[in-house]
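Comments concern the structure below.
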Amino acid sequence: MTLDLLKLRYFARIAELGSFTRASSELGVAQPPLSLHMRGLEEQLGVQLLNRTPRGVTVTEAGQTLLSHAKGILRALDQAEAATKEQAKYPTGDVSLGILSSICPTLAVPVIEECSRLFPKVRLTVSEGDSQALRTAIDTRVHDLAVTLDSVAKPTSVPLFDETLYVVGPSGRFAPDAELTVEQVLDLPLIMPTRRHGIRILLERQALIFGREINIVREMEGVASTKAAIRAGLGLSVLGRGAVHADQKSGTLSAAALIRPGLTRRLVLDMPVNHPPTRAAIEVRKILHSVIRTLGEKGHWSCLPPAP
């Protein structure tokens, strides 16, 4: 036997007000249908719930038992409704965001700050990694979102921005508007990551076209370590615009754009397939797009128009 929640709500209000007339007015239900609902509830339970008198109604002993339970049930339903509406307005929950290591220092902090400001109940975790690690994390649903290279992301990923590649040297090595051809860069003493890294793959393809080899003097993983080695005079490197923009502006490093051909890499937003995002993940995704546009306007990279 399943109790009708609507009838239960009507019963509780009639019992609390002690009047069909007042309950009818508050509930917006005419008295005849209201009376029919109460008779139906009494027939379903097999007991009399209300005593009808000329002065109104009183609650029977059975009615008091039902009323004590009904109040708790209806209160829980009201709380559930309020909590659901609150979540629609202010999402809650955990969101895991992975970001390519080379741009994580630039992108992570403003995304976290904006998320904390707009949605304080969302627990955002940010992790950095290389493109292969991020792809694995998306495939295994460790991350809800990942900003990574289009060369390893799923076909369903969303384009975010194109990042120009620069050869990077210590402060004063290159003029602010300096440019170097890719062929010239191949002769420079370069600090490069291991072979699986996207930038190294791009440069090796160009070296193959020119029939040349890259002059790699050191292999080093990690953007922060690479930039420290450059400052120490251990060599030069090729990095994305986002990784070196702030250093170039502050004068701690210098950079020259790669030309003939100009080398860029496309970064995308990757997400698990066949796994609908939570409301919290959707809001973090919106914040991510907004922050990327803002940083693009400041010159960190060239943003792409939203996908149709």
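In what follows, residues are counted from 1 in the order of the sequence shown. Values in this document were obtained by computation on a predicted structure and should not be read as measured data.
The main-chain N or O of Arg22 is never found under 3.5 Å from a side-chain atom of Ser25 such that the two would form a donor-acceptor pair. Put simply, the side chain of Lys227 never gets that close to the backbone of Val168: no donor and acceptor are under 3.5 Å apart. Judged by distance alone, the side chain of Ser131 and the main-chain N or O of Leu149 form no donor-acceptor pair under 3.5 Å. Remark: the backbone N or O of Gly222 is paired with a side-chain donor or acceptor of Thr226 at under 3.5 angstrom. Formation of a donor-acceptor pair under 3.5 Å by the Thr92 side chain with backbone atoms of Val122 is not found in this model. Distance alone, capped at 3.5 Å, is enough to place a donor-acceptor pair between the Arg52 side chain and the Leu50 backbone. Of the possible donor and acceptor atoms, none in the side chain of Ser24 sits under 3.5 Å from a partner among the backbone N and O of Phe20.
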How far apart are the C-alpha atoms of Ser96 and Asp144, what are their side-chain angles, what is the distance that settles it, and do they pass the side chain to side chain contact (heavy atoms under 4.5 Å, CB included) test? CA-CA 5 Å; Ser96 177; Asp144 301 293; 3.9 Å; yes
CA sep, side-chain torsions, deciding dist, call: Arg200, Glu204, salt bridge (charged side-chain N to carboxylate O under 4.0 Å, His left out): CA-CA 6 Å; Arg200 178 158 172 179; Glu204 285 181 338; 3.1 Å; yes
What's the verdict on side chain to side chain contact (heavy atoms under 4.5 Å, CB included) for Lys71 and Glu16, showing C-alpha distance, side-chain angles and the deciding distance? CA-CA 10 Å; Lys71 285 181 176 179; Glu16 289 167 354; 3.6 Å; yes
Could you walk me through whether Thr294 and Lys298 pass the side chain to side chain contact (heavy atoms under 4.5 Å, CB included) check? CA-CA 7 Å; Thr294 299; Lys298 293 179 179 179; 4.1 Å; yes
Evaluate the salt bridge (charged side-chain N to carboxylate O under 4.0 Å, His left out) criterion for residues Arg279 and Glu283: first the C-alpha distance (whole Å), next the side-chain angles of each, then the deciding distance (0.1 Å), finally the verdict. CA-CA 6 Å; Arg279 173 70 193 283; Glu283 295 302 336; 2.8 Å; yes
Show, in sequence, the C-alpha distance, side-chain angles and deciding distance for Asp130 and Glu221, and conclude whether the side chain to side chain contact (heavy atoms under 4.5 Å, CB included) test is met. CA-CA 10 Å; Asp130 61 39; Glu221 293 286 356; over 6 Å; no
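Qualifying ring pair (Phe, Tyr, Trp, His ring centres under 6.0 Å) partners for His197, counting only residues two or more places apart in sequence or in other chains: none. With sequence neighbours excluded, no residue forms a side-chain hydrogen bond (donor to acceptor under 3.5 Å, both in side chains) with His37.
A 6.0 Å sphere centred on CZ of Arg173 holds no more than 12 heavy atoms belonging to other residues, nucleotides or ligands. Other residues, nucleotides and ligands place no more than 12 heavy atoms under 6.0 Å from the CD atom of Glu213.
Distance OG/Ser116 to CG/Leu124: 7.5 Å, rounded to 0.5 Å. In this structure, CD1 on Ile282 lies 12.5 Å from CD1 on Ile287, to the nearest 0.5 angstrom. For the atom pair OG1 (Thr58) and CG (Asn51), the distance works out to 4.0 Å, reported to the nearest 0.5 Å. Rounding to the nearest 0.5 angstrom, the gap separating the OG atom in Ser19 from the CZ atom in Arg55 is 14.0 Å. In this structure, the separation between CD on Glu26 and CZ on Arg13 is 4.0 Å, given to the nearest 0.5 Å. Distance check: Ile112 CD1 to Arg117 CZ gives 15.0 Å after rounding to the nearest 0.5 Å.
Two different hydrophobic clusters hold Val244 and Ile292 under the rule that ILVMFWY side chains link at heavy-atom gaps under 4.5 Å. Ile14 and Leu6 fall within a single hydrophobic cluster, where Ile, Leu, Val, Met, Phe, Trp and Tyr are joined by side-chain heavy atoms under 4.5 Å apart, directly or via other members. Using a 4.5 Å cut-off between side-chain heavy atoms of Ile, Leu, Val, Met, Phe, Trp and Tyr, with links allowed through other members, Leu239 and Leu100 fall into different hydrophobic clusters. Linking ILVMFWY side-chain heavy atoms closer than 4.5 Å, directly or via other members, places Ile99 and Ile138 in two distinct hydrophobic clusters. Under the 4.5 Å side-chain contact rule for hydrophobic residues, Leu45 and Leu36 do not share a cluster.
None of Glu163, Glu128, Arg241, Arg265 except one satisfies the side-chain hydrogen bond (donor to acceptor under 3.5 Å, both in side chains) rule with Ser102; the exception is Arg265. Results of the side-chain contact (heavy atoms from CB on, under 4.5 Å) test with Phe11 over Leu34, Leu49, Asp4 single out Leu49 as the only residue that passes.
Ala12 and Leu67 get closest at one heavy-atom pair: CA-CD1, 3.8 Å. The shortest non-hydrogen separation linking Val59 to Ala15 is CG2-CB, 3.6 Å. Across every non-hydrogen atom of Arg135 and Val152, the tightest pair is NH1-O, 2.7 Å. Residue Thr21 comes nearest to Gln31 through the heavy atom pair OG1-NE2, 3.3 Å, listed as atom of the first residue, atom of the second, then distance. For Asp162 against Trp301, the heavy-atom pair with the smallest separation is O-CB, 3.7 Å. Looking at every heavy atom in both residues, Ser254 comes nearest to Pro170 through OG-O, 2.7 Å.
Here the side chains of Met271 and Pro277 are not in contact, with every heavy-atom distance at 4.5 Å or above. Annotation: side chain of Leu145 is in contact with side chain of Val284 (closest heavy-atom distance under 4.5 Å). Put simply, the side chain of His245 does not reach to within 4.5 Å of the side chain of Thr106, judged on heavy atoms. Contact of the Val126 side chain with the Leu97 side chain is registered, since non-hydrogen atoms from C-beta on lie closer than 4.5 Å. Looking at Leu66 and Leu8, their side chains come closer than 4.5 Å, going by heavy atoms from C-beta outward. In this structure the side chain of Lys154 reaches within 4.5 angstrom of the side chain of Asp139, judged on heavy atoms. Using a 4.5 Å heavy-atom threshold, the side chains of Leu253 and Gln248 count as separate. Within the 4.5 Å cutoff, no side-chain heavy atoms of Asp94 are placed close to those of Thr125.
Cluster partners of Leu258 are Leu165, Val167, Phe174, Leu180, Val182, Val185, Leu186, Leu188, Leu190, Met192, Ile199, Leu202, Leu203, Phe210, Ile214, Ile216, Leu236, Val238, Leu263, counting Ile, Leu, Val, Met, Phe, Trp and Tyr whose side-chain heavy atoms approach within less than 4.5 Å, directly or via other members.
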